[in-house]
2 protein chains.
Amino acid sequence: MKRKITLKQIARELDVSISTVSKALKDSKEISKDTRQKIQAFAKLYNYRPNNIALSLKNRKTKTIGVIIPEIVHHFFAKVISGIEQVANARGYNVIIGLSNESFDKEVINIETLVNGSIDGFIMSVAKETLQQQDYHHLIETINQGIPIVMFDRVVNDILCDKIIVDDTEGAKAAVNRLIESGCKRILLLTTKDYVNVGKLRTLGYIEALHEHKIEADPQLIIKAKDTHSSDKEIDSLEREIEKTFEKNNDIDGVFAVNELYAVTAMKVARKKGIKIPEDLQVVSFSDGVLSKHSFPSLTTVDQHGTEIGETAANLLIDKLDEIEDEESFTTKIIKTSLIERDSTK
Amino acid sequence: MKRKITLKQIARELDVSISTVSKALKDSKEISKDTRQKIQAFAKLYNYRPNNIALSLKNRKTKTIGVIIPEIVHHFFAKVISGIEQVANARGYNVIIGLSNESFDKEVINIETLVNGSIDGFIMSVAKETLQQQDYHHLIETINQGIPIVMFDRVVNDILCDKIIVDDTEGAKAAVNRLIESGCKRILLLTTKDYVNVGKLRTLGYIEALHEHKIEADPQLIIKAKDTHSSDKEIDSLEREIEKTFEKNNDIDGVFAVNELYAVTAMKVARKKGIKIPEDLQVVSFSDGVLSKHSFPSLTTVDQHGTEIGETAANLLIDKLDEIEDEESFTTKIIKTSLIERDSTK
DNA sequence: TTGTAGGCGTTATCAA
DNA sequence: TTGATAACGCCTACAA
């Protein structure tokens, strides 16, 4: 077991000074060709690589970015990470991940432990609990310390930083329009509680689409799932609610769900009740998932382009870190969604 | 924008030496109660936190572990990461992730950039390409440098290190047994090429189960998908192969798939052909996914317990790093699978 | 052309 | 009780 070799060791072995070695390895012309070659050959032989930690300490840059997300067992977030990682790696950065599990405390702890030198900047999607409590001191403090944050998806409007958002409202509107255009008149909305920004925005899109087509929104047709984690229990309870709503409103001919799990749950209810999709009921959902593609029938969905979001976020952050971008200007980028037509619509 | 405060600055402000500050913040009795309190109060006020990078350099420990996996947009790997992250955080470690995208080169690069001081140890699942080429020099070198590796799922037997494996063969056997017990006689196997270890082992389990029940394995009923990434195209081609096989063998009454995507693909073919599940055809798959739970019919699957694998791997690695475990002994832990019964079996 | 010295932030040892 | 010094590994301005 041989430890990694250091400049010091090379210097000792070759009987030169540390700085000579350092310069020689940078191919500096200060050093004679002879010694340069000798040192380079030796370094190569022993597979010398500069120690990242020492570099970080010296340069006050770690070349790593911290990614804080609510959960990772989730197709959308996994895609975003994948996009971040790709860009980060290509631009010489590493990626540390921290999971908040939607908990405020875990989010704070994660950020605090990384802030102390481990990372140069953050990319994050805010935990539901944080949004609910509206306590953003940890975010404000890191920004005040000169550590840039790029928020995506779950964004806090009050905080001044770069943001990548999905055009949730537009996407939802397009989805609902799609339903209306193929004949739906009574469209059930499956959404989240309002404090989840994206749920709220998608709800807004639903309302707007109806409005544009002079259809009045019926409160009876809006179900706000009381979920926090999409756990089995919560989905079961949603299922019962959907069932009840179908029973009370047997004229429902469309469903718009803010995520694919809700959509699949609706389809399950429909199947139980013998409602044919897409003949009697059409379904569209927001999503970025495998479920949509492989459910039966496959789901028409609003694609959020998770990978692209991740890539954009990483580029934005690294531009700032590498000082390609001005430190004091903040942009909000909107990633356009697109509708993927599958078999749950006519 | 106030930069993080350092010991030096505190020392200057309070007109004491750096080492006094350092000791006082550790509540060392060497320092008088008075100065201790003064310094602690000041540090608290300015929210002092030791710089991780400096600590890493000093201690030659980074308190972070590198996780190298083939992909992250994959339920199983996401679960494993989730398990790793949980344990790591609880034990004071951070997690850096690197994605190989199943590519040998990316795996090598990822490991090499992290080896230079950024991490204390690795948890990894080997890329398919690496397994195919059987070139493990990067792994051997890191181990030789005293950096421990814990492998999971896709494991290299020839390399001496800790390993966490799923009892693939047993799990597959249990799955196939389940099919046989509920009456299946002609069971189609959907698997991968042999160089993917887990595919091979699961295939073995299939063979063993048949053998135990004195059913002869029919090569016609074994489809080895020529996939590397489960891309759409590859799945389409698998679909056609399954279709052909069904046409040639109309007595198939069971399917065992080594992953849920293959299983869902088989169910799709069955649906097209009007084959009823589970009445005419029963399906079981290996998996750790959302698909199984929400497909129609929901799939009976072999649960791999991804989170537990991640937790076990992290504990094993950290035990070694924190020297709770002997550095020179290597264990291979087997995580038992369990069968989750759903609607695709009788 | 090569080497010395100081510093990045911290801790530990030893001296005052 | 406090402080100076060296060290972790690297880089660089400056001196020789």
Side-chain angles (χ1 to χ4, degrees), chain A residues 2-40 42-43 46-64 113-120 145-146, chain B residues 2-40 42-43 46-64 113-120 145-146:
Chain A
K2 39 175 188 193
R3 278 233 154 281
K4 294 237 70 170
I5 198 167
T6 68
L7 287 186
K8 202 183 194 175
Q9 290 166 43
I10 299 182
R12 201 187 311 137
E13 290 294 323
L14 297 183
D15 209 35
V16 289
S17 78
I18 295 179
S19 58
T20 304
V21 178
S22 173
K23 287 171 189 163
L25 291 179
K26 300 204 129 50
D27 219 20
S28 155
K29 273 152 203 77
E30 270 184 51
I31 308 296
S32 74
K33 201 160 194 176
D34 255 24
T35 30
R36 245 190 292 164
Q37 289 181 339
K38 190 177 61 180
I39 292 174
Q40 288 175 3
F42 189 89
Y46 283 89
N47 193 28
Y48 170 80
R49 291 290 137 79
N51 179 307
N52 284 330
I53 295 293
L55 286 179
S56 297
L57 186 58
K58 176 124 243 302
N59 303 330
R60 288 127 149 270
K61 292 193 177 162
T62 60
K63 289 277 180 180
T64 95
T113 84
L114 293 180
V115 147
N116 306 119
S118 303
I119 53 88
D120 296 338
Q145 276 172 36
Chain B
K2 40 174 190 196
R3 278 234 152 280
K4 295 237 71 172
I5 199 167
T6 67
L7 289 186
K8 203 184 192 173
Q9 291 167 42
I10 298 182
R12 201 185 312 135
E13 291 294 324
L14 296 184
D15 209 37
V16 288
S17 77
I18 296 180
S19 50
T20 304
V21 177
S22 173
K23 285 170 190 162
L25 292 178
K26 298 205 130 48
D27 219 20
S28 155
K29 274 152 202 76
E30 270 184 51
I31 308 297
S32 74
K33 201 160 194 178
D34 255 22
T35 31
R36 245 190 292 164
Q37 288 180 338
K38 190 177 60 178
I39 292 175
Q40 288 174 4
F42 190 89
Y46 283 89
N47 194 26
Y48 169 80
R49 290 291 135 81
N51 179 308
N52 283 331
I53 296 293
L55 286 179
S56 297
L57 186 60
K58 178 125 241 306
N59 303 330
R60 288 126 150 270
K61 290 192 179 165
T62 61
K63 289 276 180 181
T64 97
T113 85
L114 293 181
V115 147
N116 305 121
S118 303
I119 52 90
D120 296 339
Q145 275 172 37

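Labels below follow one simple rule: chain letters A, B, ... track the order of the sequence lines, proteins then strands, and each chain is numbered from 1. Just so we're clear, the structure is a prediction, and the values are computed from it rather than from any experiment.
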(request) Measure across A:Ser118 and A:Thr62 and return the closest heavy-atom pair with its distance rounded to 0.1 Å. (result) O-OG1, 3.3 Å
(request) Describe the nucleic acid contact of A:Ser56 in one word from base, sugar-phosphate, nothing, applying a heavy-atom distance below 4.0 Å. (result) nothing
(message) Any heavy-atom pair between the side chains of B:Arg49 and B:Asn47 that's under 4.5 Å?
(response) yes
(message) Tell me the closest heavy-atom pair linking A:Ile5 and A:Tyr48, and the distance in Å.
(response) O-CD1, 3.4 Å
(request) Mind checking A:Lys61 for me? I need base, sugar-phosphate or nothing, with any heavy atom below 4.0 Å counting as a touch. (result) nothing
(request) Kindly indicate whether the side chain of B:Asn51, heavy atoms from C-beta on, has any atom under 4.5 Å from the side chain of B:Lys4. (result) no
(request) Would you please confirm or rule out a distance under 4.0 Å between OP1 or OP2 of D:dT1 and any side-chain N or O of B:Thr35? (result) no
(message) Can you measure A:Arg12 atom CZ to D:dA7 atom C1' for me and round it to whole angstrom units?
(response) 13 Å
(message) Tell me the closest heavy-atom pair linking A:Thr35 and A:Ser32, and the distance in Å.
(response) OG1-OG, 2.6 Å
(request) Return the minimal non-hydrogen interatomic distance between B:Ile53 and A:Gly117, and the atom names on each side. (result) CG1-O, 3.1 Å
(message) Is any side-chain heavy atom of B:Ile39 closer than 4.5 Å to one of B:Leu25?
(response) yes
(request) Starting from P on D:dT1, measure out to NZ on B:Lys38 and report it in whole angstrom. (result) 14 Å
(message) Are A:Asn52 and A:Lys63 packed together at the side-chain level, in the sense that at least one heavy-atom pair is separated by less than 4.5 angstrom?
(response) no
(message) Check this one for me: any side-chain N or O of A:Thr20 less than 4.0 Å away from OP1 or OP2 of C:dT2?
(response) no
(request) For the helix from C:dT1-D:dA16 to C:dA16-D:dT1, figure out the bend between the end axes, five pairs an end, and round to 10 degrees. (result) 70°
(message) Can you measure B:Ile39 atom CD1 to D:dT1 atom P for me and round it to whole angstrom units?
(response) 13 Å
(request) Let me have a per-nucleotide readout for nucleotides 9-16 of chain C, 5' to 3', with B, S or -, counting only protein heavy atoms under 4.0 Å. (result) BBBBBB--
